[in-house]
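To start, the structure itself, in structure tokens.
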Amino acid sequence: MVPSRLMKQKFTSISGITLLEMLIGIVISSIMMGALYTSYTVVNGSYTQVADKETISRTGRDIVGMLLRDIRMAGYFDVNSVQVAGDEMYPLVISKSTNFSGTSRVCDKLRLVYGDVVYNKGQDPEFTYPIYQISYKCFKSTIPNKRAKVTASGSLPAKDLFAIYKEKISWDRASATWNDPSTDNDPKTYSYELIIDHVEDLVFNPIDENGEIITPAPNKLHNTSKIYEIKSVDVLIMLRSPDPFYKKAKPRPAYAFSNKPLRNKTLDDKFLRETIVVTANSRNIGLTK
């Protein structure tokens, strides 16, 4: 049996923490958790910004690569193909916008024509030479603006942006008209399909052999004789981030090269805008008419 004196000594030697010490520990832990959360928020915000910018750049590179490839094909026809005459066969036509501001503004349009070669193994004829027309055009974006007020009909208005669409159609030699891609049974053709959204502006400038902008842009109505003098096309695509990028809204310039200075903008918001400019060489235009 343990003497009561020794038991008392054993109990009195047991140490613990006081309520004050516990509160101090909780306060210190809260401060550390707050610091960690702040650091996480900063790092996560920086990562989101980098990811948004990378997404815009990647999207821009994709559409630019597509445009470069198509513009280089403009005016191409195989030496064995039977070419068709007429203004429908103009290799490259640019329709310039004249309205650069407000909700009614529009982008430039591009239309190009080229011939293809198809090998039909075991068939007669083995080679056919279809003619295609490709068009790039902007339509108003249909993405709802979640930061806007609900309309009287109970829906959200669309974002005040553009979306670039592409169409590819084929030529019917028998009827001398462009086919309807929904009924021509050609797997290569299609009506206007969405390529990219969140576009602020799209600009095409035809360039002559001296590096000068051809004005007015050659098309079916203006400067027709200059169509075959287009040596390259300067392409500008201005993209906008889907979500706010900057912490504060302030006027930020957005440049869009053009022979009309009104095309440049100064926008007061928090969104990031990236302008991509490339030059596409029209290597086949002017070789044959």
Side-chain angles (χ1 to χ4, degrees), residues 59 62-97 106-144 158 161-199 202 204 206 217-222 224 227-228 230 233 235 237 280 282-285 287-289:
T59 302
D62 292 342
I63 180 65
V64 162
M66 187 182 300
L67 280 163
L68 289 175
R69 181 177 64 253
D70 288 339
I71 292 175
R72 287 170 183 161
M73 288 298 297
Y76 167 80
F77 283 93
D78 188 87
V79 293
N80 294 314
S81 65
V82 178
Q83 296 189 43
V84 179
D87 57 5
E88 293 290 342
M89 294 297 122
Y90 285 157
L92 193 149
V93 171
I94 294 173
S95 299
K96 298 291 294 183
S97 169
V106 294
C107 300
D108 292 353
K109 303 174 187 176
L110 175 70
R111 193 215 74 180
L112 56 91
V113 174
Y114 71 94
D116 201 354
V117 183
V118 178
Y119 174 56
N120 310 292
K121 185 177 180 179
Q123 298 184 20
D124 185 19
E126 283 193 319
F127 290 94
T128 55
Y129 304 93
I131 300 174
Y132 293 109
Q133 174 182 286
I134 291 178
S135 300
Y136 286 91
K137 182 179 180 181
C138 285
F139 292 93
K140 290 291 185 180
S141 175
T142 59
I143 298 178
L161 293 169
F162 294 107
I164 298 178
Y165 285 74
K166 178 182 177 181
E167 179 187 61
K168 184 175 182 180
I169 58 178
S170 61
W171 180 257
D172 188 331
R173 292 180 182 271
S175 62
T177 57
W178 293 105
N179 287 317
D180 182 346
S182 63
T183 58
D184 62 3
N185 295 319
D186 189 337
K188 294 184 177 181
T189 61
Y190 45 84
S191 297
Y192 280 108
E193 293 185 353
L194 175 65
I195 304 299
I196 57 171
D197 213 308
H198 290 90
V199 176
L202 176 64
F204 298 108
N219 53 48
K220 295 181 181 181
L221 301 177
H222 306 288
T224 303
I227 287 179
Y228 293 94
I230 299 175
V233 178
V235 182
I237 302 173
S282 52
R283 57 188 180 186
N284 297 301
I285 298 179
L287 297 179
T288 57
K289 295 186 180 181

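Note that this is a predicted model, so its numbers are computed, not measured.
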Task: Minimum side-chain heavy-atom gap F162-L202 below 4.5 Å - done: no

- [ ] Output the distance between atom OH (Y136) and atom CG (D70), rounded to the nearest 0.5 Å.
- [x] 3.5 Å

TODO: Check whether any side-chain heavy atom of W171 lies under 4.5 Å from a side-chain heavy atom of V113, and answer yes or no.
DONE: no

Task: V117 side chain reached by Y76 side chain, heavy atoms, under 4.5 Å - done: yes

TODO: Apply side chain to side chain contact (heavy atoms under 4.5 Å, CB included) to H198 and I143, showing your working.
DONE: CA-CA 9 Å; H198 290 90; I143 298 178; 3.4 Å; yes

Open item on the list: Return the CD1 to OG distance between I131 and S170, rounded to the nearest 0.5 Å.
Closed with: 10.0 Å

Task: Contact summary for R173 and Y129, nearest pair of heavy atoms - done: NH2-O, 3.3 Å

- [ ] State the OG-OH distance between S282 and Y228, to the nearest 0.5 angstrom.
- [x] 12.0 Å

TODO: Report the residue from P130, S182, P181 that forms a side-chain contact (heavy atoms from CB on, under 4.5 Å) with T189.
DONE: P181

TODO: Count the heavy atoms of every other residue, nucleotide or ligand shown that sit under 6.0 Å from NZ of K168, and state whether that count exceeds 12.
DONE: yes

Open item on the list: With heavy-atom distances below 4.5 Å as the criterion, would you say the side chains of I63 and I237 are in contact?
Closed with: yes

- [ ] Any chance you could lay out the side chain to side chain contact (heavy atoms under 4.5 Å, CB included) test for L92 and V233, step after step, and finish with the verdict?
- [x] CA-CA 10 Å; L92 193 149; V233 178; 3.9 Å; yes

Open item on the list: Tell me the closest heavy-atom pair linking Y132 and W178, and the distance in Å.
Closed with: C-CZ3, 4.0 Å

Open item on the list: Show the nearest heavy-atom pair for residues V93 and K220, with the distance to one decimal.
Closed with: CG1-N, 4.4 Å

Task: K137 side chain to C107 backbone, donor-acceptor under 3.5 Å - done: no

Open item on the list: Between K166 and Y190, is there a side-chain heavy-atom distance shorter than 4.5 Å?
Closed with: yes

Task: 4.5 Å side-chain heavy-atom contact, V118 and K188 - done: yes

Task: Nearest non-hydrogen partners of A174 and D172, listed with the distance - done: N-OD1, 2.9 Å

- [ ] Output all residues satisfying ring pair (Phe, Tyr, Trp, His ring centres under 6.0 Å) with F139, sequence neighbours left out; order by chain, then residue number.
- [x] Y165, Y192

Open item on the list: To the closest 0.5 Å, what do you measure between NZ (K109) and NZ (K96)?
Closed with: 13.0 Å

- [ ] Would you name the heavy atoms of S97 and D108 that are closest together and state the gap between them?
- [x] N-OD1, 2.8 Å

Open item on the list: Are F204 and L67 packed together at the side-chain level, in the sense that at least one heavy-atom pair is separated by less than 4.5 angstrom?
Closed with: yes

Open item on the list: Side chains of V235 and V64, heavy atoms from C-beta outward: is any pair under 4.5 Å?
Closed with: no

- [ ] Would you confirm whether R111, through its side chain, and N219, through its main-chain N or O, come within 3.5 Å as a donor-acceptor pair?
- [x] no

TODO: Specify the closest pair of heavy atoms between P91 and I285, including all atoms of both residues, with the distance to one decimal.
DONE: CB-CG1, 4.0 Å

Task: Backbone of R72 reached by a side-chain donor or acceptor of N284 within 3.5 Å - done: yes

Open item on the list: Within this structure, what is the CD1-CD1 distance for the pair I195 and I164, rounded to the nearest 0.5 Å?
Closed with: 8.5 Å

Open item on the list: Can you tell me how far apart CG (L112) and CD1 (I94) are? Round to the nearest 0.5 Å.
Closed with: 10.0 Å

